[in-house]
J.: 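This is the structure I want to talk about, given as structure tokens.
Atom set for the values below is all heavy atoms of this structure, side chains included, hydrogens, waters and symmetry mates excluded. Atoms within a ligand are numbered from 1 in the order they appear, just like the ligands themselves.
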Amino acid sequence: MKLVICKDYDEASLKASEIVINQIKNKPNSVIGLATGSTPVGLYKKLIEGFKNGEISFKQVTTFNLDEYLGISHNHPESYHAFMRDNLFKDVDIQEKNIHIPSSDLKNAEKNALNYTKALQKVQVDIQLLGIGTNGHIGFNEPGSSFDNETFAIALTEQTRHDNLRFFNTIEEVPTHAVTMGIKTIYRSKKIILMATGLTKADAIYGMLKGPITPDLPASALRNHPDLVVIIDELAASKL
Ligand code: F6R
């Protein structure tokens with residue numbers, strides 16, 4: 001495991017973007033696993049800059065997103081489909097056919113999750129980007145999720161729904177279910193970059209890196225991954 005402690009969010013975004021940009025330069029047809037949430041926004045801005053200044057192209061890049069809410073339309077402004085379009089895809093030359101995001105269709109969630117797993121089993125993800133929840137979740141693998149899961153549908157905990165309330169008007173609007181790559185799927189990536197910034201993430205980072213490896217803190221499952229890079233700021237590192 002490589003731990004990179006940065007001064008602040010901007011530096012963390014820069015460090016993560018350097019790794020992703022080098023990956024795409026060295027292997028233009030890279031497969032990149034993407035995350036949403038507030039953490040990777042700065043990194044995506046830097047990838048867009050890299051595209052605009054001609055450093056990288058996404059023409060041959062394939063992406064697989066980690067997760068999506070269930071039961072909201074792909075056009076809902078808080079869906080992860082919309083998030084990816086607004087924060088990365090609309091500004092780079094990625095081909096629509098190379099973009100994979102789990103479907104938000106609640107009714108067919110099980111079948112769609114199985115198909116997503118099958119699609120992921122056909123490729124090798126070169127880099128998986130991750131954030132971390134205040135409760136140590138990764139993707140939507142909430143505390144208690146088995147380390148053996150592939151892509152699956154899950155009911156969100158009240159803590160995660162409250163964490164995500166800032167993106168919605170009322171708690172009733174926050175979806176109750178989501179679909180996520182499982183920990184087994186995430187673990188298969190060649191490289192994993194987990195980013196976290198701010199004091200609210202300090203306990204989760206401590207638990208991930210210093211606590212027991214346990215489904216109670218899903219991110220702890222990654223600690224023995226052969227190529228894990230943890231990029232955090234001083235606040236997120238403050239309890240280490
Ligand atoms: C998003 C995701 C979530 C977030 C986590 C942190 O695709 O998988 O696990 O990474 O909830 O969210 P932020 O970055 O908003 O603090």
Side-chain angles (χ1 to χ4, degrees), residues 6 8-10 12-13 16-17 20 32-45 63-70 72 74 76-89 99-104 113 116 120 125 127-145 149-168 174-175 177-183 185-187 189 192-205 207-208 215 217-222 228-233 235-236:
C6 301
D8 55 19
Y9 178 75
D10 280 349
S13 302
S17 74
V20 178
I32 311 286
L34 300 175
T36 60
S38 41
T39 306
V41 171
L43 154 65
Y44 293 154
K45 285 205 171 88
T63 60
F64 279 87
N65 264 81
L66 264 180
D67 48 9
E68 175 59 289
Y69 289 119
L70 286 170
I72 63 175
H74 291 170
H76 187 293
E78 294 308 331
S79 77
Y80 291 173
H81 280 75
F83 175 97
M84 288 314 304
R85 193 174 53 237
D86 295 346
N87 287 286
L88 181 63
F89 296 152
I99 296 173
H100 304 83
I101 306 178
S103 165
S104 64
Y116 205 71
L120 273 161
V125 174
I127 297 181
Q128 176 66 54
L129 302 174
L130 295 176
I132 184 170
T134 54
N135 62 4
H137 74 221
I138 46 174
F140 276 116
N141 292 274
E142 297 285 7
S145 302
N149 281 332
E150 300 279 359
T151 305
F152 69 110
I154 187 170
L156 300 181
T157 63
E158 284 312 302
Q159 182 174 355
T160 295
R161 290 187 71 227
H162 275 97
D163 283 351
N164 289 355
L165 176 57
R166 64 191 191 277
F167 301 115
F168 295 84
V174 183
H177 289 76
V179 54
T180 183
M181 282 187 203
I183 292 184
T185 318
I186 293 169
Y187 203 90
S189 306
I192 295 174
I193 301 176
L194 183 139
M195 295 176 71
T197 57
L199 201 53
T200 57
K201 301 294 173 71
D203 285 328
I205 288 297
M208 174 189 178
L217 200 137
S220 66
L222 307 178
L228 169 67
V229 185
V230 177
I231 303 178
I232 56 180
D233 70 353
L235 290 173

J.: Which of the numbered atoms in ligand 1 are below 4.0 angstrom from a heavy atom of His137?
T.: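 So the atoms of ligand 1 that pass are 3 (C), 5 (C), 9 (O), 11 (O).
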J.: What is the closest protein heavy atom to atom 3 (C) of ligand 1, and at what distance does it sit?
T.: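 Nearest neighbour among protein heavy atoms for atom 3 (C) of ligand 1, to 0.1 Å: Gly139 O, 3.6 Å.
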J.: In the protein, what heavy atom is nearest to atom 14 (O) of ligand 1, and what distance, to one decimal place, separates them?
T.: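 Looking only at protein heavy atoms, the one closest to atom 14 (O) of ligand 1 is Thr39 OG1, 2.4 Å.
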J.: I'd like to know if Arg166 contacts ligand 1, where contact means a heavy-atom distance under 4.0 Å to any ligand atom.
T.: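 Flag set, Arg166 near ligand 1.
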J.: Tell me the contacting part of Asp67 for ligand 1: side chain, backbone, both, or neither, using a 4.0 Å heavy-atom threshold, strictly below.
T.: side chain
J.: Counting C-beta onward and ignoring hydrogens, is there a side-chain heavy-atom pair between Val179 and Phe140 closer than 4.5 Å?
T.: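 No - every pair of side-chain heavy atoms lies 4.5 Å or more apart.
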J.: Determine whether the aromatic ring centres of residues Tyr69 and Phe168 are separated by less than 6.0 angstrom.
T.: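 Under 6.0 Å, so yes.
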J.: Looking at non-hydrogen atoms alone, which of Gly133, Gly37, Gly131, Pro40 comes nearest to atom 10 (O) of ligand 1?
T.: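 Result: the heavy atom closest to atom 10 (O) of ligand 1 is in Gly131.
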J.: Please indicate whether any nitrogen or oxygen in Tyr80 is less than 3.5 Å from any nitrogen or oxygen in ligand 1.
T.: no
J.: Please report the C-alpha distance between Arg166 and Ser38 in whole Å, then the side-chain angles of each, then the deciding distance to 0.1 Å, and finally whether the side-chain contact (heavy atoms from CB on, under 4.5 Å) criterion is met.
T.: CA-CA 11 Å; Arg166 64 191 191 277; Ser38 41; 3.3 Å; yes
J.: I'd like to know whether Val174 forms a side-chain contact (heavy atoms from CB on, under 4.5 Å) with Phe167, so could you lay out the CA-CA distance, the side-chain angles of the two residues, the decisive distance to 0.1 Å, and finally the verdict.
T.: CA-CA 8 Å; Val174 183; Phe167 301 115; over 6 Å; no
J.: Leu34 and side chain to side chain contact (heavy atoms under 4.5 Å, CB included): which single residue from Leu66, Ile99, Asn87, Leu88 fits?
T.: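 Option passing the side chain to side chain contact (heavy atoms under 4.5 Å, CB included) with Leu34: Leu88.
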J.: Name the closest protein heavy atom to atom 1 (C) of ligand 1, giving the residue it belongs to and the distance to 0.1 Å.
T.: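 Atom 1 (C) of ligand 1 sits closest to the protein heavy atom Thr36 OG1, 3.2 Å.
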J.: So among Gln159, His162, Lys201, which one has a side chain to side chain donor-acceptor pair (under 3.5 Å) with Thr134?
T.: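 Of all the options given, the one that passes is Gln159.
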J.: Is the closest heavy-atom distance from Lys201 to ligand 1 below 4.0 Å?
T.: yes
J.: Would you compute the distance between atom CG of Leu129 and atom CD1 of Ile186 and round it to the nearest 0.5 angstrom?
T.: 11.5 Å
J.: With a heavy-atom distance limit of 4.0 Å, tell me whether Ile132 approaches ligand 1 through its side chain, its backbone, both, or neither.
T.: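 Backbone only.
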J.: Is Leu66 touching ligand 1 with its side chain, its backbone, both, or neither, if touching means heavy atoms under 4.0 Å apart?
T.: side chain
J.: For the residue pair His74 and Ser79, confirm or rule out a side-chain donor-acceptor distance under 3.5 Å.
T.: no
